[in-house]
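Counting starts at 1 for both ligands and their atoms, in listed order.
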Amino acid sequence: MADWPNLHVSQHPAVRHKLAILRDEHTEPKKFREVVRELSWLLGYEALADARTQPLQIQTPIEPMAAEELADRIGLIPILRAGLGMVDAMLELMPTAEVWHLGLFRDERTLQPVEYYNKLPDHSHVDLCLILDPMLATGGSASAAIEVLKQWGAVKPVRIKLLNLIAAPEGVREVISNHPDVDIHCAALDRQLNEKGYIMPGLGDAGDRQFGTGKNS
Ligand code: PRP
Ligand code: URA
């Protein structure tokens with residue numbers, strides 16, 4: 001994106017295909033969770049394209065060779081609840097990553113984030129923190145999560161990246177103005193928020209759609 005160099009919107013056809021399934025109101029929670037996982041894998045693959053490697057000497061059945069292994073130590077920070085569905089795919093990509101759960105919900109009236117759970121370790125040495133949350137709406141939750149990480153100690157040279165499935169321009173603006181050092185990777189940049197703070201066209205409530213809640217509200 002020309003205006004937002006920190007924003008990376010996937011252009012991959014497979015991502016666009018899977019997004020249509022995710023957005024469709026007829027997609028049931030089981031399929032929804034499956035596609036959240038698949039999209040997370042694809043997005044994570046793109047977001048980790050600049051991860052560092054180190055030399056590794058191995059022996060193939062034919063001869064010795066100089067190979068590479070991942071060198072970056074990674075912390076995955078899923079934002080509860082909806083970010084939970086992105087964890088397994090990221091662990092498949094980066095099996096040695098640590099997972100630090102952070103519970104934030106958005107107050108329905110004020111749209112402000114409320115922190116209710118924090119499982120960041122007392123000490124850890126990572127090079128990269130990846131925040132996982134399917135939705136970037138007002139940007140309040142993402143900004144709060146980044147603030148928590150920075151207060152905890154994720155400051156330069158530690159890098160922070162945000163992985164979202166769908167982002168709204170309002171949220172991108174909010175995160176980039178508060179945290180210009182953070183890269184945002186998403187599958188789609190949608191039009192705008194509605195009066196209730198939902199992304200249009202979006203996919204509805206990512207937590208409810210994964211976990212089958214909210215049908216009676
Ligand atoms: C959703 C979503 C983000 C947040 C985005 O979570 O998963 O965390 O809203 O909105 P924002 O950018 O305006 O802060 P929600 O608060 O609905 O909690 P849930 O995951 O427990 O359903
Ligand atoms: N949270 C969601 O789950 N969906 C939205 O559209 C906005 C915030």
Side-chain angles (χ1 to χ4, degrees), residues 4 6-7 9 18-25 27-29 31-33 35-37 39-40 43-44 76-90 99-120 129-150 160-179 182-217:
W4 292 319
N6 295 5
L7 176 68
V9 184
K18 290 178 191 298
L19 260 178
I21 300 170
L22 203 68
R23 291 179 187 279
D24 189 330
E25 66 173 345
T27 301
E28 295 297 327
K31 181 71 179 169
F32 192 92
R33 289 192 297 272
V35 179
V36 165
R37 178 193 175 104
L39 277 168
S40 303
L43 266 190
L76 301 175
I77 300 92
I79 307 302
L80 309 181
R81 297 175 289 169
L84 282 175
M86 302 175 75
V87 175
D88 283 355
M90 294 305 300
V99 183
W100 310 337
H101 296 90
L102 190 57
L104 294 172
F105 72 86
R106 201 169 69 143
D107 182 292
E108 277 180 16
R109 201 175 43 82
T110 64
L111 300 185
Q112 292 304 305
V114 180
E115 184 180 334
Y116 62 91
Y117 190 76
N118 180 330
K119 217 42 178 157
L120 265 58
C129 292
L130 281 177
I131 300 174
L132 311 178
D133 194 332
M135 308 305 272
L136 177 61
T138 65
S141 305
S143 291
I146 296 166
E147 200 51 51
V148 167
L149 280 175
K150 287 184 173 175
I160 300 177
K161 293 189 185 203
L162 185 58
L163 252 68
N164 304 117
L165 299 187
I166 301 185
E170 292 90 334
V172 173
R173 216 170 281 123
E174 175 73 9
V175 169
I176 287 181
S177 68
N178 293 330
H179 301 286
V182 170
D183 277 319
I184 305 172
H185 290 263
C186 64
L189 178 65
D190 274 11
R191 194 171 75 250
Q192 66 184 98
L193 298 179
N194 69 13
E195 68 292 348
K196 289 186 171 165
Y198 277 86
I199 300 175
M200 296 191 289
L203 51 73
D205 187 301
D208 284 346
R209 294 203 59 191
Q210 280 182 79
F211 301 115
T213 50
K215 291 191 182 108
N216 302 318
S217 56

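Annotation for ligand 2: atoms under 4.0 Å from non-hydrogen atoms of Gly204 are 2 (C), 3 (O), 4 (N), 5 (C), 6 (O). Of all the atoms in ligand 1, the ones that sit under 4.0 Å from a non-hydrogen atom of Arg81 are 19 (P), 20 (O), 21 (O), 22 (O). Those atoms of ligand 1 that come under 4.0 Å of a heavy atom in Ala82, given as number and element, are 7 (O), 20 (O). Within ligand 1, counting atoms from 1 as listed, the ones closer than 4.0 Å to a heavy atom of Thr138 are 11 (P), 12 (O), 13 (O), 14 (O). Taking every heavy atom of Gly197 and a limit of under 4.0 angstrom, the matching atoms of ligand 2 come to 7 (C).
Here's the thing with Asp133: one of its N/O atoms is less than 3.5 angstrom from an N/O atom of ligand 1.
Of the candidates Pro113, Gly103, Gly207, Ser141, it is Ser141 that places a heavy atom closest to atom 14 (O) of ligand 1.
Here the heavy atom of the protein found nearest to atom 3 (O) of ligand 2 is Ala206 N, 2.8 Å. Among protein heavy atoms, atom 16 (O) of ligand 1 sits closest to Arg106 N, 2.7 Å. Considering only non-hydrogen protein atoms, atom 5 (C) of ligand 2 sits nearest to Tyr198 CD2, 3.4 Å. When hydrogens are left out, the protein atom nearest atom 17 (O) of ligand 1 is Asp205 OD2, 3.9 Å; that is the closest non-hydrogen contact. What sits closest to atom 6 (O) of ligand 2 on the protein, heavy atoms only, is Ile199 N, 2.8 Å.
Partner of His179 under the side chain to side chain contact (heavy atoms under 4.5 Å, CB included) criterion, out of Asn6, Ile184, Ile146: Ile146 alone.
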